[in-house]
Amino acid sequence: MRFYAPKGTTDILPDMAKKWRYLERKASDLFEKYEYEPIVTPIFEHTDVFQRAIGTSTDIVQKEMYTFEDKGGRSLTLRPEGTAPVIRAYVDNNMNQMPQPVKLYYTGPMFRYERPQAGRYRQFFQLGVEAIGSDDPAIDAESILLMIDYFRSVGLKELTLYINSMGCENDRPKYVELLKQYAIAHEQELCKDCRKRVELNPLRLFDCKEESCRRVMEHAPKITDYLDEDCKNHFNAVRRYLDMQGVQYIIKPELVRGLDYYTKTTFEVVSPLLGAQNAIGGGGRYNKLVEEFGGPPTPGIGFAIGLERLTIAVEKEGAFVAMEEKTDAFIAVADKAVKEPAVNLLYALRGAGIATDIDYTGRSLKGQLKYANKKGFRYTIFLGPQELETGIVQVKDMKTSEQYAIKLNELVDWLSNIVKSQTMGSGVTKQS
RNA sequence: GUGAUCGUAGCUCAAUUGGUUAGAGCGUCGGACUGUGGCUCCGAAGGCUGUGGGUUCAAGUCCCAUCGGUCACCCCA
């Protein structure tokens, strides 16, 4: 093997790509039902877009970014996540002049330089939504409910939803200071990593898996107890909206998430069907981010779903719907002499909207049949000198082995009708 | 960035304590009285054993390095 895909990347072959297309189609259908509109932003941005948005002390910025200099000497970075570019685009394009809130969704590759692992790649794909311009707790709930709705719509049953409030600039600094004091008081009992965390990022103390650290943190002050009036009310309102829709959730005060821009609501959905990387979707509110990019004070909230992890979960759930039976036609050329009329027929059928193919490798007639069978064509049309002479072709139903004699000039209609009725028929059968 | 584990045909795997020309199944392509698929049978193509060194009379097998895969930590989707 001479060449291979770079570490942490992989080719998505047709079987997998079809599943992805299905998941993406389901997503855009549902997102649009919630009145979100598509947006496409560049795959790379100026490096400071991410440094500014995500925070210079985060792992993503410190060690995971694909940063390079272009020939003009600009520092650019392959996007490690989708929210920052969307917010940059919002400000860049003066979208605050549009009716608020602006509700957007996107899909595409993200890049993070990490050691690959189950459900983790250096290039990975996300489906995301952002609602910019509202601080209504009902839209926090909408974001969460949309994500849950989507997971249900693709057949996921066992999901755990965690929610939290990270507070805001008024209450969080006080809380972090309090947490720090608590940690310092228990420094003797903390592991080496955690002692560093005390100064660097006290909120991360909750993530440690060391037994002694966990014992300490169990009794640590929880952010949800130190929210100011506004944040507390907001959080309670979000919870009420979730309760109203009967959605189960677990409040997880240690749910911090690794991006600095979050304020108030954060949430995450994990699947028990996955390994260590079990978060299939996560998001939160970011009320300072638009300002950070030089726009007017504008609140926002959104989430992202990992397509690879989602695929694994849906697969494990056995929830991929069976592909619809093909009704495609294959033209078997019985004699090379009629190749040209056969190609004409090929385009006549395609022109009539019938998915059709023909042999391009010079196979024998039997070989063509085998090929048609393996590729799952429903109908094989035999075309040879006889057929051209009589104007009647043989059409074989590959599923039932029945064979029909059809007038060449009626073939398009005949196939169109049968394809139509079968597509409808299969739909009816499926429902009953 | 750290640790564990694995690299033999397109895929899944074999190959006695290091010992001749590295095998099988599936898949691909072709054939079984010449214009008809699936089942069965036959045949063919396809490997510098990830790569580079080393030990040895002899390396797929042992050692080192490197590149990949997998899993976990960190962190996240």
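Note that these values count all heavy atoms, side chains included, but never hydrogens, waters or copies made by symmetry.
- Remark: A:K63 is not in phosphate contact with B:rG1, judged by side-chain N or O atoms under 4.0 Å from OP1 or OP2.
- With hydrogens and angles ignored, no donor-acceptor pair closer than 3.5 Å exists between the side chain of A:S364 and the base of B:rG35.
- Checking A:R112 against A:Y66 by side-chain atom types alone, no donor-acceptor pair falls below 3.5 Å.
- Checked for salt-bridge contact, A:K103 and A:E130 miss the test: no charged N lies under 4.0 Å from a carboxylate O.
- Following rounding to the nearest Å, A:E114 (CD) and B:rC74 (P) show an atom-to-atom distance of 12 Å.
- Side-chain atoms of A:Q126 lie closest to B:rA77 of the nucleotides B:rA77, B:rC74, B:rG38.
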- Message: Could you go through A:T67 and A:T77, starting from their C-alpha distance and side-chain angles, then the distance that decides it, and tell me whether this counts as side chain to side chain donor-acceptor pair (under 3.5 Å)?
- Response: CA-CA 4 Å; A:T67 298; A:T77 294; 2.9 Å; yes

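- Using cut-offs of 30° and 60° for the angle between ring planes, the A:Y150 and A:F31 rings count as tilted.
- If you measure from atom CZ of A:R115 to atom P of B:rG69, you get 10 Å, rounded to the nearest angstrom.
- Nearest to the side chain of A:N373, among B:rA77, B:rU36, B:rG37, sits B:rG37.
- In the set B:rA77, B:rC75, B:rG37, B:rC75 carries the atom at the smallest distance from any side-chain atom of A:D59.
- Toward the 5' end of RNA chain B, the nearer of the two residues A:K366 and A:T361, judged by each one's closest nucleotide, is A:T361.
- Taking atom C1' in both B:rU28 and B:rC48, one finds a spacing of 23 Å when rounded to whole Å.
- Under 3.5 Å, the side chain of A:Q368 and the base of B:rG35 form no donor-acceptor pair of N or O atoms.
- Toward the 5' end of RNA chain B, the nearer of the two residues A:K7 and A:G119, judged by each one's closest nucleotide, is A:K7.
- Taking the P atoms as reference points, B:rC42 lies 16 Å from B:rC33, given to the whole Å.
- In this structure B:rU56 sits in no base pair that meets the Watson-Crick or G-U test at under 3.5 Å.
- At least one side-chain nitrogen or oxygen of A:Q117 sits closer than 4.0 Å to the OP1 or OP2 atom of B:rA72.
- Nearest to the side chain of A:L369, among B:rA77, B:rA72, B:rU36, sits B:rU36.
- For the 3.5 Å distance criterion, the side chains of A:E177 and A:Y182 fail to qualify, holding no donor opposite an acceptor.
- Rounded to a whole angstrom, the distance from the P atom of B:rG30 to that of B:rG37 is 14 Å.
- Contacts of A:Y371 with the nucleic acid, taken as non-hydrogen atoms under 4.0 Å apart, are absent.
- Here the separation of B:rC74 from B:rG60, taken at their P atoms, is 41 Å to the nearest Å.
- Side-chain atoms of A:K396 and base atoms of B:rG37 include a donor and an acceptor less than 3.5 Å apart.
- For the pair A:N278 CG and B:rC71 C1', the interatomic distance rounds to 15 Å; values are reported in whole Å.
- Dashed line: the shortest gap from a side-chain N or O of A:K374 to OP1 or OP2 of B:rG38 is not under 4.0 Å.
- As judged by a 4.0 angstrom heavy-atom cut-off over every strand, A:L307 is placed among residues making no nucleic acid contact.
- Ring planes of A:Y226 and A:Y175: tilted class, angle from 30 to 60°.
- You won't find any donor-acceptor pair under 3.5 Å spanning the side chain of A:R363 and the base of B:rC29, going by distance alone.
- Residue-to-nucleotide contacts include a donor-acceptor pair under 3.5 Å from the side chain of A:Q386 to the base of B:rG35.
- Residue contacts shown for A:E81 are absent, as no nucleic acid heavy atom lies under 4.0 Å away.
- Residue contacts shown for A:A372 are absent, as no nucleic acid heavy atom lies under 4.0 Å away.
- With C1' as the reference atom, B:rU17 and B:rU56 are 16 Å apart, rounded to whole Å.
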